[in-house]
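Residue numbering restarts at 1 for every chain, and letters A, B, ... go by the order of the sequence lines.
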There are 2 protein chains.
Amino acid sequence: MITLEDVAARAGVSRATVSRVVNGDTNVRAQTRLIVETAVAELGYSPNPAARALASSQSNTLGLVTTNYRGGFFGALMDTVQSETELHGMQLLVTQGRSSAENELGAIQRLYNLRCDGLVLHIRALEDEALLKLAEQGRKFVVLDREVAGLEDRCVVFDHRSASELATQVFINGGHTRIACLHGPTSRASSLLRRQGFLDAMHNAGLEPVATLEGDYDMPSGHQQTTLLLQEARPTAIYCCNEEMALGAMLAINERGLRIPQDISLICYDSGERAPFVRPALTSVHFPISEMARYATRKLLNEHCEKESFLPQIVHRDSVRGNQ
Amino acid sequence: MITLEDVAARAGVSRATVSRVVNGDTNVRAQTRLIVETAVAELGYSPNPAARALASSQSNTLGLVTTNYRGGFFGALMDTVQSETELHGMQLLVTQGRSSAENELGAIQRLYNLRCDGLVLHIRALEDEALLKLAEQGRKFVVLDREVAGLEDRCVVFDHRSASELATQVFINGGHTRIACLHGPTSRASSLLRRQGFLDAMHNAGLEPVATLEGDYDMPSGHQQTTLLLQEARPTAIYCCNEEMALGAMLAINERGLRIPQDISLICYDSGERAPFVRPALTSVHFPISEMARYATRKLLNEHCEKESFLPQIVHRDSVRGNQ
DNA sequence: GTGAAAGCGCTAACAG
DNA sequence: CTGTTAGCGCTTTCAC
């Protein structure tokens, strides 16, 4: 392995100087810099991260902990956070919390033991107090898509309630009155918010929901709940709080011999993975997880980045009937 | 930060001894071990990976490079490789090759520069020669789901041809004669193999394919190709070379007012993400990527693990009509 | 603008 | 079985 020493010898300078040019220190004469740079190139030198980390007591590593790796927008999330991390010349370590507070905390501890310089947390199970305690210990982290009281400045949030309200409003504006909502587990704060947005919009329009059904954010539960719904009621519009459940709902609607949007209109929460690709393409309310993840990573790396807020937006596609 | 030194002082032993117990060296008296262990626990000591890596010139890190992070079975792949890596007390670094030879090589180099002890490569674009050259340079890696001539012992492979043959055979045994195949890009070796298996089975049965169509392994292309197919021909069975295209095919079939399996039977290549969850659940030929990934990781870590081979298996579900 | 020197926290011989 | 002693390759004062 080529070391700093080798490069220094080749260039006829000291190790300190090589270190300076490699790290972009400006206090080096242009000529010296050039000599060193050629030596680096000729030798194919690449700094040893372990030595660097040891000497500087910075690992140059960020950590990402998510609930799980499967489905949903995990790929997009990881992609975004990693791109941003690499843009800063750092590397990313990723771990999953496997949907339990215990595992999530374990993952976090592991990452800190690995000396990560900071963590992006996209977790659901771990309680606020644990996060608060971590902050007290001086740990550096940001929380993605979750509001923690007392940690507002570390949280990158999205207003799920008004996003849902907006989505529901599309139906209402289109003249729909018999509207159902298929939401996620009531054990999750963001599910509750999404449902609330729906209820608020209905209430403000003086409308009674045909039904509010609870699913698991997966396709089978979307299919099952919608099947039950269609047996008992005759909604003209269904609002699905994520894409997977919307796929399940589509299946159930098709099986029943009903058509979208002629018989039933559909809007879903959009992570951009599915909604544009099914037929009919689903009208949705966009959840800008990538943008949020990018901002979260920047925030972690750079204390003073200007505050951004993320507003829900409707993406009109082909699954809604009515005078939009 | 608590160091070895601190623990040594607390326990009244030398640093070397602490290092031994932390690393599970057996040459330590039980009593000494106990004292050290309590000191570790009381102080909350956790070894500094950078220092460790520097001193031992092993990073304790494995790398995984994949084509991309989105869809397909990436989540399962990453999950499996990481679990196996952590089982060995190591950590995993993941990068994507973004489907170009250049990027894939870049990702590999980056990971080696980061001093990864070994790499799991699940890549498509990079040419065999580049891989051969890497091997010559003494780089440690295994190749997942790809056969590289001259590197057979580092490759974990699956017989895509016979998997496809097996799948097609299910249709044939069921009495189908008008069978079409929707395969992936012919630029990819494994796509070609999957198509070949289909053609072989048809040929052996003395049957002429209704059509062989090329898609992009994504849902829109599955939808599009199937739509075209149904305009021009009337197959009773379609074999789809991945799940996403099968979803697209299902949509097209539904749109045409046809039913699965009454009018058209469907079988797909199965990565386990989708096929079991749609309605009707899709009969498929299982591609055991998780098992293969686990084996690949073990192989990377342990030179002498017994050879495993992975055989295609049919998972019967509800999308095939006929006397199976 | 550049060099000398002192570690960063750990592992790995080598003694004893 | 345990301690001593060198480094691992780099960053970082502090002089010059």
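The number of heavy atoms from other shown groups lying within 6.0 Å of CD (A/Glu42) is above 12. Crowding of A/Gln109 atom CD: a count of heavy atoms from other residues, nucleotides or ligands under 6.0 Å exceeding 12. Within 6.0 Å of the CD atom in A/Glu308, the count of heavy atoms belonging to other residues, nucleotides or ligands exceeds 12.
Side-chain contact between A/Leu134 and A/Ile108 is present, with at least one heavy-atom pair separated by less than 4.5 Å. Using a 4.5 Å cut-off on side-chain heavy atoms (C-beta onward), B/Val81 and B/Leu92 make contact.
B/Ser56 comes within 4.0 angstrom of the backbone, heavy atoms only, and of no base.
Summary for the helix from C/dG1-D/dC16 to C/dG16-D/dC1: the axes at its two ends, each from 5 pairs, differ by 30° when rounded to the nearest 10 degrees.
Salt-bridge formation is detected for the pair B/Asp79/A/Arg98: a Lys NZ or Arg NE/NH1/NH2 atom is positioned less than 4.0 Å from an Asp or Glu carboxylate oxygen.
Of the residues in residues 45-52 of chain B, B/Tyr45, B/Pro47, B/Asn48, B/Ala51, B/Arg52 come within less than 4.0 Å of DNA chain C through at least one heavy atom, sorted by number. Of the residues in residues 20-29 of chain A, those placing a heavy atom less than 4.0 Å from an atom of DNA chain C are A/Arg20, A/Asn27, A/Val28, A/Arg29, in numerical order.
For A/Glu37, there are no salt bridge (Lys or Arg N to Asp or Glu O under 4.0 Å) partners, not counting sequence neighbours. The side chain to side chain contact (heavy atoms under 4.5 Å, CB included) search around A/Ser14 returns A/Ala16, A/Thr17, not counting sequence neighbours. Partners of B/Ser271 by side-chain hydrogen bond (donor to acceptor under 3.5 Å, both in side chains), not counting sequence neighbours, listed by chain and number: B/Glu243.
Residue B/Ser14 places none of its side-chain N or O atoms closer than 4.0 Å to OP1 or OP2 of D/dT4. Applying the 4.0 Å criterion to OP1 and OP2 of D/dG3, one finds that B/Thr17 has a side-chain N or O inside that range.
Applying the salt bridge (Lys or Arg N to Asp or Glu O under 4.0 Å) test to every pair with at least one member in residues 59-69 of chain B, sequence neighbours left out, gives no pairs at all. Residue pairs that meet the salt bridge (Lys or Arg N to Asp or Glu O under 4.0 Å) test with at least one member in residues 142-151 of chain A, sequence neighbours left out, are A/Arg124-A/Asp145, A/Asp128-A/Arg146. Note on residues 103-118 of chain A: pairs passing salt bridge (Lys or Arg N to Asp or Glu O under 4.0 Å), not counting sequence neighbours, are A/Arg110-B/Glu86.
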Could you run down the sub-3.5 Å N/O contacts of the protein with nucleotides 5-7 of chain D?
residue: D/dA6; atom: N6; partner: B/Arg15; partner atom: NH2; Å: 3.3

Output side-chain donor-acceptor pairs under 3.5 Å for residues 27-36 of chain A, partner residues at least two apart or in another chain, one line each.
residue: A/Arg33; atom: NH2; partner: A/Asp25; partner atom: O; Å: 2.8

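The interatomic distance linking B/Leu4 (CG) with D/dG3 (P) rounds to 13 Å, in whole Å.
With a heavy-atom cut-off of 4.0 Å to chain A, the contacted part of DNA chain C has its first and last nucleotide at C/dG1 to C/dG9.
Checked against the 6.0 Å centroid threshold, B/Phe310 and B/Phe287 do not count as a close aromatic pair. Between B/His122 and B/Phe73, a ring centre-to-centre spacing shorter than 6.0 Å is recorded.
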